[in-house]
Protein chains: 2
Amino acid sequence: MPNRLSPVKSSASQSAASGSVEEASMFLVNQLCFAIYSTSLAMTKLYRPLLSGLGVTYPQYVVLLALWEQDDVTVTALGEKVSLDSGTLTPLLKRLQTQGLIERQRSAIDERQVHIKLTRDGASMKKKADVIHDQIACATECSSAERKSLTRALQKLRASLLAH
Amino acid sequence: MPNRLSPVKSSASQSAASGSVEEASMFLVNQLCFAIYSTSLAMTKLYRPLLSGLGVTYPQYVVLLALWEQDDVTVTALGEKVSLDSGTLTPLLKRLQTQGLIERQRSAIDERQVHIKLTRDGASMKKKADVIHDQIACATECSSAERKSLTRALQKLRASLLAH
DNA sequence: ATATATTATATTGTGTACAATAGAGTTGTG
DNA sequence: CACAACTCTATTGTACACAATATAATATAT
């Protein structure tokens, strides 16, 4: 059911790039922000089939990466590391818990805090994830030096964006 | 109500970076994919307050950018340009229509197609958006050449990712 | 000690993303 | 023409993201 749309004669061609185009930088595809946005989408799209074998999404994988690096952290500490707030993390962590990859334990010392710990399954998943890391690195068709350089440029950009 | 969490003594410190870390590239913050992901989040976070003045989100703004460049396009053509499918675009376009920024007209020639056209309001919003574009460019703290170089590197990376 | 402020996590509501599917419309082939 | 294959958009269901808010616990100030 194509909801309430008055049919009309379709006029194919139309205007292009109206207004003062100082140069190509005004075009959508040449905007830095769109490049970041669309590359991020492409990246998660590539990860999806690889991670589905582990039963996790890319954001969940990022949380696991953080935990493999430092286990037994609070939700807030984890959120700072992966750059997500409780509104995103709480349901995400519940899903990881349901899958038996992590445990959530409220601290007895400060009962506001919830400590996140890897289970045996969650910890052992690291080995399989290392393979995926290599597959993605290969798909980038970048040398290690290129990846490192691009990563540093993005880190610098991100810091500038967060400062404003 | 902190749902069913058995309280325990909190043990603050713990292991770090177990396993064979060839070098710093294994750390989350030094991974290219996380840099893209987190920079994309930081970017939309910076856009949000600026775009809220126009009453649109960043993805909606991207769609408008595409339409300012080429008006009267089908949903599929728009989707290819902004890299989104109908599952995302259909509800997004309905919101833009509700706000009176676009019109959706089913083609009489090929009734499968829906043509998206800017309204007067939608077209005139471009001027305000140009100001935002400049503000964001400023926040990047990058020179025009740096932005261009980074954009090109991301375009190349995205093409590689999409090819796999 | 008690009121106040602050902190940590959870909840609610809106808006993406996208896989999978549906369904109407069009095209190609015999 | 019949009819299968294909195209285009919409729908459904799951999972982020995040602002705003809620709630309980802790810290601070008086």
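Below, read A as the first sequence line, B as the second, and so on, with proteins coming before strands; counting in each chain starts at 1.
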TODO: Go through C/dA10, C/dA8, D/dA19 for me and flag the one nearest to the A/D85 side chain.
DONE: D/dA19

Open item on the list: Quick check on DNA chain C: between A/G87 and B/Q99, whose nearest nucleotide comes earlier from the 5' end?
Closed with: A/G87

Open item on the list: Treating B/W68 as the side-chain partner and B/G122 as the backbone partner, does any N or O pair qualify as donor plus acceptor under 3.5 Å?
Closed with: yes

Task: Nearest-neighbour nucleotide for the A/R95 side chain, D/dT26, D/dC16, D/dA10 considered - done: D/dC16

- [ ] Tell me whether the OP1 or OP2 atom of D/dC16 has a side-chain N or O from B/Y37 closer than 4.0 Å.
- [x] no

Task: Nucleotide nearest B/T74 when distance is taken to its side chain, options D/dT9, D/dT26, C/dT26 - done: D/dT9

- [ ] Have a look at B/D130 and tell me which of B/K126, B/K127, B/K128 forms a salt bridge (charged side-chain N to carboxylate O under 4.0 Å, His left out) with it.
- [x] B/K126

TODO: Can you tell me the distance, in whole Å, between the CG atom of A/D110 and the P atom of C/dT6?
DONE: 17 Å

Task: Between C/dA19 (C1') and B/L84 (CG): distance, integer Å - done: 14 Å

- [ ] Counting heavy atoms from C-beta on, name the nucleotide in D/dC16, D/dA10, C/dA17 closest to the side chain of B/R106.
- [x] D/dA10

Task: Between C1' of C/dA17 and CE of A/M43, the distance in whole Å - done: 13 Å

Open item on the list: In this structure, how many angstroms lie between the C1' atom of D/dT14 and the CG atom of A/L96, rounded?
Closed with: 15 Å

Task: Exam field: side chain B/E146 to backbone B/S143, donor-acceptor pair closer than 3.5 Å - done: yes

TODO: State whether B/R48 places a side-chain N or O below 4.0 Å from either non-bridging phosphate oxygen (OP1 or OP2) of C/dT16.
DONE: no

- [ ] Let me know, please, whether A/L93 or A/T44 comes out on the 5' side of the other along DNA chain C by nearest nucleotide.
- [x] A/L93

Open item on the list: Tell me if a side-chain donor or acceptor on B/D71 pairs with a main-chain N or O of B/L118 at a distance below 3.5 Å.
Closed with: yes

Task: Phosphate OP1/OP2 of C/dT9: any A/S86 side-chain N/O under 4.0 Å - done: no

- [ ] Considering just the side-chain nitrogens and oxygens of B/Y58, establish if one lies under 4.0 Å of OP1 or OP2 belonging to D/dA17.
- [x] no

Task: Euclidean distance, atom CG of residue A/L41 to atom P of C/dA17 [Å, nearest integer] - done: 6 Å

Open item on the list: Quick check: do A/Q60 and A/R95 have side-chain heavy atoms less than 4.5 Å from each other?
Closed with: yes

Donor-acceptor contacts, no H, no angles, side chain residues 40-55 of chain B, under 3.5 Å, sequence neighbours left out:
from: B/T44; atom 1: OG1; to: B/S40; atom 2: O; distance (Å): 3.4
from: B/T44; atom 1: OG1; to: B/L41; atom 2: O; distance (Å): 3.0
from: B/S52; atom 1: OG; to: B/P49; atom 2: O; distance (Å): 3.0

Task: A/E69/A/K81 ion pair, N-O < 4.0 Å - done: yes

Task: Protein-nucleotide distance (B/L64, atom CG; C/dT16, atom P), rounded to Å - done: 11 Å

TODO: Pick base, sugar-phosphate or nothing for A/L89, based on heavy-atom distances below 4.0 Å to the nucleic acid.
DONE: nothing

Task: Options D/dT9, C/dT7, C/dC18, nucleotide nearest the side-chain atoms of A/R112 - done: C/dT7

Open item on the list: Looking only at the side chain of B/Q113 (C-beta and beyond, no hydrogens), which of the listed nucleotides C/dA17, D/dT11, D/dC8 gets closest?
Closed with: D/dC8

Task: Under-4.0 Å side-chain N/O to phosphate OP1/OP2 contact, B/T57 with C/dT16 - done: yes

Task: Side chain of B/L92 - closest among C/dG25, D/dT11, C/dT16 - done: C/dT16

TODO: Calculate the interatomic distance between A/Q97 atom CD and C/dA10 atom C1'; express it in whole Å.
DONE: 14 Å

TODO: Considering just the side-chain nitrogens and oxygens of B/T88, establish if one lies under 4.0 Å of OP1 or OP2 belonging to C/dA17.
DONE: no

- [ ] Give a yes/no answer on whether the side chain of B/K45 brings an N or O atom under 4.0 Å of OP1 or OP2 in D/dC18.
- [x] yes

Open item on the list: Can you tell me whether the side chain of A/T76 and the base of C/dA8 have a donor-acceptor pair closer than 3.5 Å?
Closed with: no

Open item on the list: If I take atom CG in residue B/L46 and atom P in nucleotide D/dA17, what distance separates them, rounded to the nearest angstrom?
Closed with: 18 Å

- [ ] Give a yes/no on whether any side-chain N or O of B/Q60 is located under 4.0 angstrom from OP1 or OP2 of C/dT16.
- [x] yes

Task: Minimum-distance nucleotide (side-chain atoms of A/K94 versus D/dT11, D/dA17, C/dT11) - done: C/dT11

